[in-house]
Amino acid sequence: RSLRLWDVLGVKFPEYFTKHPALLADYISNFETRPDDVFVVSYPKSGTTWVQEIVWQIYNKGAVSSVKQALRVPFLEMAATHEKLVELIHLKTLPSPRLIKSHLTYSTTPRSANKDDQCKYIYVARNPKDVAVSYFHFTDYLNLFGTDYNGPWEFFAKLFIEGNVVGYNVWNDHVLDWWKHRDDPNVLFLKYEDLHKDLPSHVQIIADFLNKPLSDELFSRIAKQCTLKGMQENMTSYTVDDKENTSALLRKGVVGDWKNYFTPELNERFDKEVLSKLKGTGLEFEFQM
Ligand code: PPS
C-alpha cells in the first residue's frame, strides 16, 4: 500500500491533514503574518520539534511545559483544516507573539506583502539520509491516522528520492529554495548536525536572531533542557493524541543512523540523485559524528 497525497498549491500533503484540500490551499494563501511571528520551518524529520522547543523556551524564560508542544507552537498546515485540531487551535486569533511550525516550501510559506513587516523564519535542515530513515520510522505513527504505508524500507527510500513520501515534495528542492534565502535578514538557516555538535552555541545563535538576550543561567538551563534526554523527560508534551506512539517525534536523535539502513547500491543512487544536486550551492552536510 502506498501513501495517499493531496496536491495543495503544488505541495504534496498527506491525506490525513485535511478532508478539504481546497480549503487548506485557501487558508495558506490567505494567512496573514504579523511582524512578531516566528516560524520554525523545515522539511519533515529534520529537527523541527527540537528547534520549536528551543524557541519556545527562549520566549518563556526557560520554562518546561507539560502543555503539548503542538498547542504551544502550532503546526500551520494541521491547524488549518484538520478535523480535530481545527477546534483546538485558532492560529488566526492566537495572541502575539505567535510561534508557528511549518513544513511549507519557500514559495508557499506565508509572508507579508509589505517588506517592512516581515516576520522571522528559522529553517532547519538535516542530512537527507538520516531524514529518509527518520521519515520511514514515522510512517508507523502515521499509519495510526490512516495514511497507509506498510511497504519495505527500500521502497520508501525510492519514494523519498522521488519526493513521493508522506508529503512536501522533493527534499533537495525544499532545502535549496530556503538555502537561497539564508542571508535574508529575517531568515536563520540552521543544520541539525551543527545543533548536535554544539547545542549551547546554537541556543545563543537563535536567541540573538530573535533579539532575546539570555542570562548565563537561563542560557545553560535551556541548552540542558533541550538535549534529547532533557526533552524525553517531558515526553507527553510531544504527543498529539492518545493513539500516538510516544517516541514518534523524539526517537533516536543521532547523526548517522542511515548507516544501519543503506545498502551500497542505495547509497550510490542517493548520492547520484539527491546529493549531487547540492554541488556548487555551498550547502554541505555531515553524515556521521
Ligand atoms: S517532524 O514530525 O517533521 O516535525 O519531525 P522533526 O521534529 O523535524 O524530526 C524528528 C527527528 O528529530 C529528532 N530530535 C532530536 N534529535 C536530537 N536532539 C533533540 N533534542 C531532538 N529532538 C528531536 C528526533 O529524534 C527525530 O529523529 P530520528 O532520527 O527519527 O530520531
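Counting convention: from 1, in listed order, for ligands and their atoms alike. Only heavy atoms go into these numbers, but all of them, side chains included; no hydrogens, no water, no symmetry mates.
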**Student:** Any N or O of Ser42 that comes nearer than 3.5 Å to an N or O of ligand 1?
**Tutor:** no

**Student:** Determine, for Lys197 against Glu286, whether the closest basic-nitrogen to carboxylate-oxygen distance falls under 4.0 angstrom.
**Tutor:** yes

**Student:** Select the closest option to atom 27 (O) of ligand 1 among Arg126, His103, Gln69, Gln52, judged by heavy-atom distance.
**Tutor:** Arg126

**Student:** Would the number of heavy atoms belonging to other residues, nucleotides or ligands and lying under 6.0 Å from CD of Glu32 be above 12?
**Tutor:** no

**Student:** How far is atom 1 (S) of ligand 1 from its nearest protein heavy atom, and which residue and atom is that?
**Tutor:** Lys45 NZ, 3.6 Å

**Student:** Please work out, at 4.0 Å between heavy atoms, whether the side chain, the backbone, both, or neither of Glu53 comes within that distance of ligand 1.
**Tutor:** neither

**Student:** When you check the side-chain N and O atoms of Thr48 and Ser42, is any donor under 3.5 Å from an acceptor?
**Tutor:** yes

**Student:** Whether Lys129 and Asp257 form a salt bridge (side-chain N of Lys/Arg under 4.0 Å from carboxylate O of Asp/Glu) is what I want to check.
**Tutor:** no

**Student:** Of the backbone atoms (N, CA, C, O) and the side-chain heavy atoms from C-beta on, which set of Pro44 has a member under 4.0 Å from an atom of ligand 1: side chain, backbone, both, or neither?
**Tutor:** both

**Student:** Heavy-atom pairs closer than 4.0 Å: do any link ligand 1 to the side chain of Met231, the backbone, both, or neither?
**Tutor:** side chain

**Student:** How far is atom 22 (N) of ligand 1 from the closest protein heavy atom, and which atom is that?
**Tutor:** Leu250 CD2, 3.4 Å

**Student:** Return the closest protein heavy atom for atom 4 (O) of ligand 1 as residue, atom name and distance.
**Tutor:** Lys101 NZ, 2.9 Å

**Student:** Could you find the nearest protein heavy atom to atom 21 (C) of ligand 1 and give me its residue, atom name and distance?
**Tutor:** Leu228 CD1, 3.6 Å

**Student:** Measuring from non-hydrogen atoms of Asp130 to any atom of ligand 1, is the shortest distance under 4.0 Å?
**Tutor:** no

**Student:** Salt bridge check: are Arg221 and Glu217 linked by an N-O gap of less than 4.0 Å?
**Tutor:** yes

**Student:** So is His137 in contact with ligand 1, going by heavy-atom distances below 4.0 Å?
**Tutor:** no

**Student:** Please state which protein non-hydrogen atom is closest to atom 25 (O) of ligand 1 and give its distance, to 0.1 Å?
**Tutor:** Arg251 N, 2.9 Å

**Student:** Tell me whether Val254 has any N or O atom under 3.5 angstrom from an N or O of ligand 1.
**Tutor:** no

**Student:** Mind checking whether Thr227 contacts ligand 1 via backbone (N, CA, C, O), side chain (CB onward), both or neither, at a 4.0 Å heavy-atom cut-off?
**Tutor:** backbone

**Student:** Would a distance-only check, ignoring hydrogens and angles, find a side-chain to backbone donor-acceptor pair under 3.5 Å from His82 to Lys84?
**Tutor:** yes

**Student:** Report yes if Cys226 has an N/O atom closer than 3.5 Å to an N/O atom of ligand 1; otherwise report no.
**Tutor:** yes

**Student:** Anything under 30° is parallel, anything over 60° is perpendicular, the rest tilted; go ahead and classify Trp178 against Tyr123.
**Tutor:** parallel

**Student:** Tell me which one of His174, His103, Glu77, Lys12 satisfies side chain to side chain donor-acceptor pair (under 3.5 Å) with Tyr168.
**Tutor:** Glu77

**Student:** Give the single entry among Leu195, Leu249, Thr49, Val131 that approaches atom 14 (N) of ligand 1 most closely by any heavy atom.
**Tutor:** Leu249

**Student:** Under 4.0 Å between a side-chain nitrogen and a carboxylate oxygen: does that hold for Asp194 and Arg126?
**Tutor:** no

**Student:** So, regarding Gly253 and ligand 1 (criterion: nitrogen or oxygen to nitrogen or oxygen, under 3.5 Å), is there a contact or not?
**Tutor:** yes

**Student:** Picking from Phe287, Phe262, Trp258, what satisfies ring pair (Phe, Tyr, Trp, His ring centres under 6.0 Å) with Phe270?
**Tutor:** Phe262

**Student:** May I ask whether Phe138 has any heavy atom positioned less than 4.0 angstrom from an atom of ligand 1?
**Tutor:** yes

**Student:** Does Trp56 reach the main-chain N or O of Gln69 with its side chain, forming a donor-acceptor pair under 3.5 Å?
**Tutor:** no

**Student:** Run the contact test for Tyr192 against ligand 1 with a 4.0 Å cut-off on heavy atoms, strictly below, and give the result.
**Tutor:** yes

**Student:** Under 6.0 Å from the CD atom of Gln288, do we count more than 12 heavy atoms belonging to anything else shown?
**Tutor:** no

**Student:** Any Lys/Arg nitrogen of Glu162 or Lys158 sitting under 4.0 Å from an Asp/Glu carboxylate oxygen of the other?
**Tutor:** yes

**Student:** Any N or O of Thr48 that comes nearer than 3.5 Å to an N or O of ligand 1?
**Tutor:** yes

**Student:** Below 3.5 Å, N or O to N or O, backbone or side chain included: is there any such pair between Ser134 and ligand 1?
**Tutor:** yes

